Structure formats: C-alpha cells, structure tokens
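All remarks here apply to the structure that follows.
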Amino acid sequence: MSVKYLHELIALAESQHVSIGELILAVEQEQTGRTRSEIMEQMEKQFTVMESSAQKGVHEPVYSRSGLTGGDAYLVKKYIEQGRTFVNPSTLRAMSYALSVSEVNAGMGCIVATPTAGSAGILPGVLVSVLDSGKYKREDIVSSLLTAAAVGLVIANSASIAGATGGCQAEVGSATAMAAAALVEIGGGSPQQVGHAVGLALKNSLGLVCDPVAGLVEIPCIIRNGLHAITALAAADMALAGVKSVIPPDEVIQVMRTIGQEMPLSLRETGIGGLASTPTGIRLRESIFGKST
Amino acid sequence: MKYNSVFDIIGPIMVGPSSSHTAGAVRIGNIARQVLGEPPTEVTFQLMGSFAETYRGHGTDLALLAGVLGLTTESEQVPKANKLATEVGLAYMFSQVNLGYYHPNTVSVILRGCTKTAQLIASSLGGGKVEVQELDELPVKFSGEKSTLILYHVDQKGFISMISRRLEAEGYNIARLSLERWSRGGTAITVCEVDEELTDAFLQTLTTTIPILHDVRVVKTL
C-alpha cells in the first residue's frame, strides 16, 4: 500500500483493532522483507541518538558553528531549576530538550532527522520529556516513533517535508503533527484521536514560512523547535480531551501543500525574505559571509 | 518519488544542520563517487536554487565533498571534508548556475578520476531523500536507496529482455527500470533498481558474457 492518506490508515487500524504504529510496522516488514525485531532494533538505535542530542545541550551550553546561536537549552534548564516558571516544568523541559537537539544540529553534531534536520528537535524533545516522567515504558516510547513515522509518510507523500518546497510549515509543522500523534498513541488515544491531533497541530502551523537568517538552520529554526514542542504536547492533550479537527487532517495536509505552492521563493529556504531580510538579519549575514552575498 | 520507509521519516542519523542541504548532499556526492567507480581527482559542483543561495550556511559544500570522498551522512568527518579533500589531492570547485526547471535543491556534479568521468544532476527532495535526474546528460532517474545497476551499453533489440531474464534467473526483483539512448544503435544507459543485494559474481558474469555491455556500476546509498 502507498501511505498517502491518514483516513485510510485510521480506517485500517480500526478495522484490524491495531494502532497506526502497528499498521505501519506491518507495511515496513512487507516492503523491506526485514523482521519486526530488526526494524525495532533500528528504531531503538534512532531513539538513542535522539536522546543523546536532547541531553547534550541541556547539560552544557552547545554553540553553533557560526557562533550566532547556542546555549538556550542550558538557559532554560537553569531557569526551570529556579522553580518560578509559568509553564509546568515538565513541559518546559520538553522545550529545553528540543532546543538542545536543534543546537547540536546547528553545531554539525549528530542528530536524527525527524522528519528533517531543521525540525529535528520537536519529536525527541517531547518524547524524552515523556520518558523522564517515568509514567511510560521506554519500549512504548520507541514504538510511538512508528506512529510519528506514519504521519510523516502521509505528509511527505501528499504534501512535502522540505522547507524549500513548502516552507517551515512543511518541516516544523510536520514535526509538530508527528510528535502530537506519537503522544496521543502513548497516552492511549484512538486512531481517530491520532488523526485529530495531526489536524489540530498542523492547522496551528499553516503558513509558517522558511526564512532562515543567513540561510543558516539557526534563526529562527532553533526557537521554533523549542516552542513547537510545547504546541505538540498541547495538541495531543486537546485531541485526548476529545477536541476534534473540524477540517479533516487529510484536508489540512492538502491545503498545507497548496499554501506551500503559493509561497514566494523568497520565503522557501532561500535566506532572502522574512526574518532573513530584516536589518539585523542582513547584518548578521554580512558579518558571517561578507557583503558580496 | 515516494517516501516508503519509516526510516525515511525517522532518519537518517546525520550530522547537521540540514537534512536536504547536508544529509541529502552527502548522499548525492556519494552516488556520484559510486558512479565514477574510481578515486576522484577533480570535481565541479554547480548549484542552483535554494542550494545555491544557502549552501555555505548549511555546509552543503562540505557535505557534497564528503560524499564524493566516500563518507556517509552520519560521519563526524563531514564538517572537515575540505581538509580531507586537500589531503587526498582532490581538486574541487563550486559555482552557482541556473540548471533549468528542477527541484529547488538541485546540483550538477562533474567528477573526474584517472581514467573515467561521471556527470550527474541530482535533487535533494527533503528529509535526506535524493533523486538523480540526469546521468551523463541522459534523463535517467534513480535514488540509490535500493541496489542500483547502471549498464552502459549499445542500443540493441532485445537488450532489456535479456537483462531482465538474467536478473530473474538469479532471483532479483526489478523495482524500477529505465533506458535512455542517444540514438538508435548508439550509446545507451539502462538503470535498474532491484530489491536484493547485487553480488560481484553476477556483475562479473554480465560483463564477461555480454559484448555490447561497455561498463557496469552498482550504486547503493547508506
């Protein structure tokens, strides 16, 4: 089967009384000829890399190669320790983990693209914080990556996961939807609720442009990963509470594609428009690459 | 071009900062290296679109070079590929061009070794997934995700059916197939992706028993 529509996955999962993750695992086995344990072993390896990139910037400040950004994950962690946060500390920890992954990425360190490197902070951010809570088994968290993957496959095959094609909504938006879906599955939600979480999360990212300062995956990418980790947690809670996405998730994905196509080139990972075109954005670009560019 | 595997989405494991501009670029360079089939001595990269605008910030230049040097997406050596290239005597050049109507992340790679040259145009589609658009100026497409057989041959009646019989006899399943030629009876390239791993013995048999087959390469990205 080609993984292109969420409603098909939801219907199949319901009729077979399995989770969306289980369903996509069967597809992967059939497509690759690999066994269930081989696939899960590789998924475990991906999660281990995700974990170490999430922890690294929290334990010590990590800076980017350009020197423009870094150390924010560490700042947030220190702030949480002071005990005066508005947002629940465990939620803020998800944010600091997400920031850490994105900081490691900007430093050309090792990360897992989920679905892309520019949006790699969100999924590990929320999952490592959920693991921290001690309420869920590690293997269930690793399994939830399959659900996230199923959602990512649908979006990649129906729309896009590339900022150069669809803007930041295609990267950070997709990652947020994937993370929300994984959380709903961990939280015991139904396949329908997984779908609604995707719809809700993605709707909140529609129109987000890809406007990196100096073309670097730093400003605003790192911050967006941090804040969208919180959005993913909130979207999962909304879906588990029974809130529905009135526009069906597949239609939201389709319209994300259309919006991406309507975005001007300057706002699709060219480092020309948006924040990249602000006086400070231009100054930073010149400070790194000189005036000729 | 479809995303099939869960690891297209949860992966690759890679050094940052961009899956399309870094990991995808490593893969494109790596494919070019495998197509060349010998150590490269000289390489020219022509970048277009988003690649051209942002390649320095994303480390796309280092990533392409790393791939040409035979490194993979998760190699910690990627950030110092320029130093490695100098060490092994690989001359490299980057330029920005308009290659025409392609995906925004597209690059032309012209690679020379001591005895061979290879030229390809490839696009990085997102999340580290790549696709070759042109090989030696012929429009053949492949991704390198599966074992990919590249056959350089003379255009002749029955070539495809003979190759597919040979593949079938050895238990290979063809996942994707294309043939392009310059002229009838002229130079042609057939690209064939198969589900199974190609063995050296099989390749050896092909080259020794098919006179119109000039050359064979196998490409497989990691």
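Naming: A, B, ... by sequence-line order, numbering from 1 per chain. Nothing here was measured: the structure is a model prediction, and the numbers come from that model.
- Scored by the side-chain hydrogen bond (donor to acceptor under 3.5 Å, both in side chains) test, B/Glu134 finds B/Tyr102 as partners (sequence neighbours excluded).
- In terms of heavy-atom pairs under 4.5 Å with chain B, the best-connected choice from A/Thr32, A/Asn105, A/Thr116 is A/Asn105.
- Residue B/Pro79 touches chain A through both its backbone and its side chain, counting heavy-atom pairs closer than 4.5 Å.
- For the set A/Gly109, A/Ala170, A/Gly33, the count of heavy-atom pairs under 4.5 angstrom toward chain B peaks at A/Gly109.
- Residue contact with chain B, scored on non-hydrogen atoms closer than 4.5 Å, involves the backbone and the side chain of A/Ala164 alike.
- Residues A/Glu28 and B/Asn4 are not in side-chain contact: their nearest non-hydrogen atoms beyond the backbone lie 4.5 Å or more apart.
- Within 6.0 Å of CD in B/Glu38 there are more than 12 heavy atoms belonging to other residues, nucleotides or ligands.
- With rounding to the nearest 0.5 angstrom, the CG atom of A/Leu216 is 11.5 Å from the NE2 atom of B/His21.
- Between chain A and the residues B/Ala23, B/Ala52, B/Gly57, the most heavy-atom pairs under 4.5 angstrom are made by B/Gly57.
- Under the 4.5 Å side-chain criterion, counting only non-hydrogen atoms from C-beta, B/Ser18 is in contact with A/Glu269.
- At a threshold of 4.5 Å between non-hydrogen side-chain atoms, the residues B/Val6 and A/Ile24 count as touching.
- Interface remark: of the candidates A/Val112, A/Val49, A/Ile111, A/Ile111 forms the most heavy-atom pairs closer than 4.5 Å to chain B.
- In the displayed structure, A/Gln29 atom CD is contacted under 6.0 Å by more than 12 heavy atoms of other residues, nucleotides or ligands.
- Rounding to the nearest 0.5 Å gives a distance of 8.0 Å between OG of B/Ser50 and CG of A/Leu265.
- B/Ile9 CD1 to A/Gln46 CD: the interatomic distance, rounded to the nearest 0.5 Å, is 12.0 Å.
- For chain A, the option among B/Val15, B/Thr73, B/Asp195, B/Asn105 with the highest count of heavy-atom pairs below 4.5 Å is B/Val15.
- In this structure, B/Phe7 and A/Ile39 have side chains that are in contact, with non-hydrogen atoms separated by less than 4.5 Å.
- With a 4.5 Å cut-off on side-chain heavy atoms, B/Ile10 and A/Met178 count as touching.
- Once rounded to the nearest 0.5 Å, the distance linking CD of B/Glu53 with OG of A/Ser266 reads 10.5 Å.
- Considering only heavy-atom pairs separated by less than 4.5 Å from chain B, the leading option among A/Arg65, A/Lys4, A/Arg268 is A/Arg65.
- If you measure heavy-atom distances from A/Ser66 to chain B, you find no contacts under 4.5 Å at all.
- The contact between A/Gln42 and chain B is made by backbone and side chain atoms together, counting heavy-atom distances below 4.5 Å.
- Within a 6.0 Å sphere centred on CD of B/Gln204, heavy atoms belonging to other residues, nucleotides or ligands number 12 at most.
- Residue-environment remark: CZ (B/Arg112) stays at or below the threshold of 12 foreign heavy atoms within 6.0 Å.
- A 4.5 Å side-chain heavy-atom check between B/Tyr3 and A/Val3 finds every atom pair outside the cut-off.
- No more than 12 heavy atoms of other residues, nucleotides or ligands shown are found within 6.0 angstrom of CD on B/Glu137.
- Interatomic distance, CG of A/Leu153 versus OG of B/Ser5, reported as 7.5 Å (0.5 Å rounding).
- Counting heavy-atom pairs closer than 4.5 Å to chain B, the top-ranked of the candidates A/Ala162, A/Pro115, A/Ala150 is A/Pro115.
- Heavy atoms of B/Thr22 lying under 4.5 Å from chain A belong exclusively to its side chain.
- The shortest distance between side-chain heavy atoms of A/Cys110 and B/Met14 does not fall below 4.5 Å.
- One finds the CG atom of B/Leu125 at 8.0 Å from the OG1 atom of A/Thr165 (value rounded to the nearest 0.5 Å).
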